[in-house]
Amino acid sequence: MTSAKLLPFGTSIFSEMTRLALEHGAINLSQGFPDFDGPAKIIEAAEKAMRDGHNQYARSLGHPLLVQAIARSRERDFGTRYDPMTEVVVVSGATEGIASSMLGLLDPGDEVILFEPHYDSYPACVAMAGAIPRVCTLRAPDFALDLDDLAALFSKKTRLLLLNSPHNPTGKVFTAEELAGIAALCQRHGVIVLADEVYEQLTYDGAKHIPIASLPGMRERTLTISSAGKTYSMTGWKVGWALGPANLVAAAQAAHQFVTFATATPLQVAMAHALTALGTGYLDQLRAQYLERRDFLAGALRSAGFEVQMPQGTCFLLAEFARHSKLDDRGFARELVERHGIASVPLSVFYSSRPEKGLLRFAFCKKTETLQAAARRLEALARR
């Protein structure tokens with residue numbers, strides 16, 4: 001029997017939509033995983049690691065090769081320095097990293113500020129930690145931050161603010177001004193920032209990801225979560241990490257050691273190779289490919305009568321469907337998968353308080369052929 005604190009969250013929307021996609025033979029644009037493998041060299045590195053005997057528990061904080069590679073790549077890409085042995089912890093995916101960080105940092109009754117729409121695991125992790133969510137709504141169509149709304153949420157009980165940028169599900173990249181406002185409020189109230197930056201390498205159209213830890217006074221109060229899954233198209237490997245000052249990393253590690261203890265050793269060794277050997281050329285190529293696929297899917301949706309909101313980051317875009325249906329987003333998402341063979345995610349599931357009900361989220365981290373097949377089904381939808 002499910003515990004009372006988790007009962008309200010039910011089954012993940014991603015599991016639900018993937019199940020429907022399988023039942024109806026639909027093209028699955030709901031879940032944010034690629035339908036292709038990452039670079040072959042990473043797979044070869046994992047095979048070699050297994051043959052070379054990297055098959056036992058790794059150091060709980062992370063294999064030395066990987067934490068060193070993470071620290072080097074972070075400094076290369078964003079200019080922030082971390083001690084690989086004390087300021088980095090490897091976790092089994094960013095979702096586990098967020099959960100372990102909250103379990104390690106929060107006490108029952110602490111308050112956590114979330115921005116909605118938000119990834120569905122956030123409020124569940126808050127609940128598991130016995131904390132209380134306070135929600136700041138980012139409103140469509142531009143999902144800009146209202147700093148007055150945010151400031152009103154801080155109290156003496158506020159312990160942590162969870163910031164996701166580039167932002168899933170909207171594709172928003174928080175601006176320098178927005179980040180400065182968040183930083184000022186967190187410093188004024190002595191609040192820790194848990195920064196989910198798994199899409200840090202996926203930005204478009206001149207948008208620039210700015211790690212909040214790089215702002216003055218924020219390194220010492222920010223624990224940054226990232227992952228190899230999105231950047232290297234290996235989501236099933238579940239290799240993520242957290243970076244921050246030693247005291248915050250130690251708090252996350254205090255929970256991580258009892259949640260998973262260590263992430264798969266040969267996959268850690270392989271990802272160390274990826275971070276070291278592939279470099280910025282690979283990242284530039286990935287961004288270019290995703291930009292092309294984003295624009296293709298956006299064009300197909302527009303041609304089919306959807307209004308598309310172009311994302312500045314991530315691998316998702318939002319589309320408004322009012323021309324096609326008077327149903328709410330959950331109803332139309334189900335109709336779209338059952339009658340037209342395309343799986344998406346209704347945006348309303350990413351809200352805790354005041355949901356938008358006229359938008360669907362589509363993933364474009366798919367093969368070009370997959371998106372072309374989806375475009376053909378959208379053409380049929382437009383002709384009906």
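Of the possible polar contacts, none joining the Arg354 side chain to the Glu116 backbone as a donor-acceptor pair under 3.5 Å is found. No donor-acceptor pair under 3.5 Å is formed between the side chain of Gln201 and the backbone N or O of Thr231. Between the side chain of Lys230 and the backbone N or O of Tyr199, no donor-acceptor pair lies under 3.5 Å. Looking at Asn28, its side chain never comes within 3.5 Å of a backbone N or O of Ala21 through a donor-acceptor pair. In terms of modelled atom types and a separation under 3.5 Å, the side chain of Arg330 and the main chain of Ser348 share no donor-acceptor contact. For Glu178 (side chain) and Thr175 (main-chain N/O), a donor-acceptor pair under 3.5 Å exists by modelled atom type. Between the side chain of Asn164 and the main chain of Pro166, a donor-acceptor pair closer than 3.5 Å is present. Checking side-chain atoms of Gln257 against main-chain N and O of Ala254 turns up a donor-acceptor pair under 3.5 Å. Of the possible donor and acceptor atoms, none in the side chain of His340 sits under 3.5 Å from a partner among the backbone N and O of Ile342. Between the side chain of Gln312 and the backbone N or O of Lys172, no donor-acceptor pair lies under 3.5 Å.
Residues Leu185 and Val191 form no side-chain contact, since every pair of their non-hydrogen atoms from C-beta on lies 4.5 Å or further apart. You'll find the side chain of Leu223 stays beyond 4.5 Å of the side chain of Leu243, heavy atoms only. Contact check for Leu163 versus Ile212: side-chain heavy atoms found under the 4.5 Å cut-off. No side-chain heavy atom of Val112 sits under 4.5 Å from any side-chain heavy atom of Arg159. A 4.5 Å side-chain heavy-atom check between Pro169 and Pro117 finds at least one atom pair inside the cut-off. Contact annotation: the side chain of Leu359 never approaches that of Phe332 to less than 4.5 Å [non-hydrogen atoms, C-beta and beyond]. Side-chain contact check for Thr18 versus Ser30: some heavy-atom pair is nearer than 4.5 Å. The side-chain heavy atoms of Met234 and Ile43, taken from C-beta on, include a pair separated by under 4.5 Å.
The hydrophobic cluster containing Phe261 also includes Tyr57, under a criterion of side-chain heavy atoms closer than 4.5 Å among ILVMFWY residues, counted directly or through chains of members.
Linking ILVMFWY side-chain heavy atoms closer than 4.5 Å, directly or via other members, places Trp241 and Val259 in two distinct hydrophobic clusters. Side-chain heavy atoms closer than 4.5 Å link hydrophobic residues (I, L, V, M, F, W, Y) into clusters, and following such links, even through other members, never connects Phe33 to Leu267. In the hydrophobic clustering of ILVMFWY residues, with side-chain heavy atoms under 4.5 Å counting as a link, Leu371 and Val308 come out together. Linking ILVMFWY side-chain heavy atoms closer than 4.5 Å, directly or via other members, places Tyr282 and Ile70 in a single hydrophobic cluster. Residues Leu103 and Leu61 do not share a hydrophobic cluster, defined by chaining ILVMFWY side chains whose heavy atoms lie under 4.5 Å apart.
Annotation for Phe9 and Ala127: closest pair CE1-CB, 3.7 Å, computed over non-hydrogen atoms. In plain terms, the two heavy atoms of Ala176 and Ile210 that are nearest each other are CB-CD1, 3.7 Å. Gly109 and Lys157 get closest at one heavy-atom pair: O-CD, 4.1 Å. Summarising the geometry of Ser227 relative to Ala94, their closest heavy-atom pair is CB-CB, 4.2 Å, with the distance given to 0.1 Å. Contact record, Val173 with Lys208: CG1-O, 3.6 Å, taken as the closest heavy-atom pair. Leu6 approaches Ala124 most closely through the heavy-atom pair CD2-O, 4.1 Å.
Defined by atom type and a distance below 3.5 Å, a donor-acceptor pair is present between the side-chain atoms of Thr370 and Asp35. No side-chain donor-acceptor contact under 3.5 Å links Ser303 and Glu379. Under the 3.5 Å distance criterion, with hydrogens and angles disregarded, no donor-acceptor pair is assigned to the side chains of Thr265 and Gln56. At a cut-off of 3.5 Å, with distance as the only test, no side-chain donor of Thr80 or Arg219 sits close to an acceptor on the other residue. Between the side chains of Glu200 and Ser226, at least one donor-acceptor pair of N or O atoms lies under 3.5 Å. A donor-acceptor pair shorter than 3.5 Å can be found between the side chains of Thr263 and Ser92.
With values rounded to the nearest 0.5 angstrom, His324 atom NE2 is found 10.0 Å from Glu335 atom CD. The distance from atom CD1 of Ile192 to atom CD of Glu220, rounded to the nearest 0.5 Å, is 11.5 Å. One distance of note links CG of Leu286 with OH of Tyr232; it measures 9.5 Å at 0.5 Å rounding. Here the CG-CG distance, from Leu65 to Leu275, works out to 11.5 Å after rounding to the nearest 0.5 Å. The structure places CD1 of Ile98 at 10.5 Å from CE of Met128, a figure rounded to the nearest 0.5 Å. Of the inter-residue distances, the one linking Leu336 atom CG with Arg377 atom CZ reads 10.5 Å to the nearest 0.5 angstrom.
Aromatic ring centres of Tyr204 and Tyr290: separated by at least 6.0 Å.
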Exercise for review: Decide side-chain contact (heavy atoms from CB on, under 4.5 Å) for Leu179 and Leu215; before the verdict, give the C-alpha distance in whole Å, the side-chain angles of both, and the deciding distance to 0.1 Å.
Suggested key: CA-CA 8 Å; Leu179 293 172; Leu215 273 59; 4.0 Å; yes

Exercise for review: Show your working on side-chain contact (heavy atoms from CB on, under 4.5 Å) between Phe364 and Thr314 and close with a plain yes or no.
Suggested key: CA-CA 9 Å; Phe364 55 85; Thr314 77; 5.5 Å; no

Check your understanding: How far apart are the C-alpha atoms of Asp146 and Leu138, what are their side-chain angles, what is the distance that settles it, and do they pass the side-chain contact (heavy atoms from CB on, under 4.5 Å) test?
Key -> CA-CA 8 Å; Asp146 187 318; Leu138 306 173; over 6 Å; no

Practice item. Tell me, with the steps shown, if Ser60 and Gln253 meet side chain to side chain donor-acceptor pair (under 3.5 Å). Key: CA-CA 8 Å; Ser60 183; Gln253 168 63 10; 2.8 Å; yes

Review point. Which is it for His167 and Phe115 under the ring-ring contact (aromatic ring centres under 6.0 Å, His included) test, yes or no, and what are the steps along the way?
Key: CA-CA 10 Å; His167 183 256; Phe115 295 99; 7.9 Å; no

Review point. When you look at Trp237 and Met271, which way does the side-chain contact (heavy atoms from CB on, under 4.5 Å) test go after all the steps?
Key: CA-CA 10 Å; Trp237 284 21; Met271 281 304 171; 3.6 Å; yes

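By the 4.0 Å N-to-carboxylate-O rule, Asp205 lies close enough to Arg294 to be salt-bridged with it. Note on Arg334 versus Asp329: no salt bridge recorded, every NZ/NE/NH1/NH2 to OD/OE distance being 4.0 Å or above. The existence of a salt bridge linking Glu23 and Arg19 is confirmed by a sub-4.0 Å separation between a basic side-chain nitrogen and an acidic carboxylate oxygen.
A side-chain hydrogen bond (donor to acceptor under 3.5 Å, both in side chains) check over residues 99-111, counting only residues at least two apart or in different chains, returns the pairs Glu96-Ser100, Glu111-Arg134, Glu111-Ser155.
Residues that satisfy the salt bridge (Lys or Arg N to Asp or Glu O under 4.0 Å) test with Glu197, not counting sequence neighbours, are Arg74.
Glu292 CD: 12 or fewer foreign heavy atoms inside a 6.0 Å radius.
For the pair Arg361 and Phe316, the distance from NZ or CZ to the six-membered ring centre is under 6.0 Å and the angle to the ring normal is within 45 degrees.
Relative orientation of the His118 and Tyr122 rings is tilted, given thresholds of 30° and 60° on the angle between their planes.
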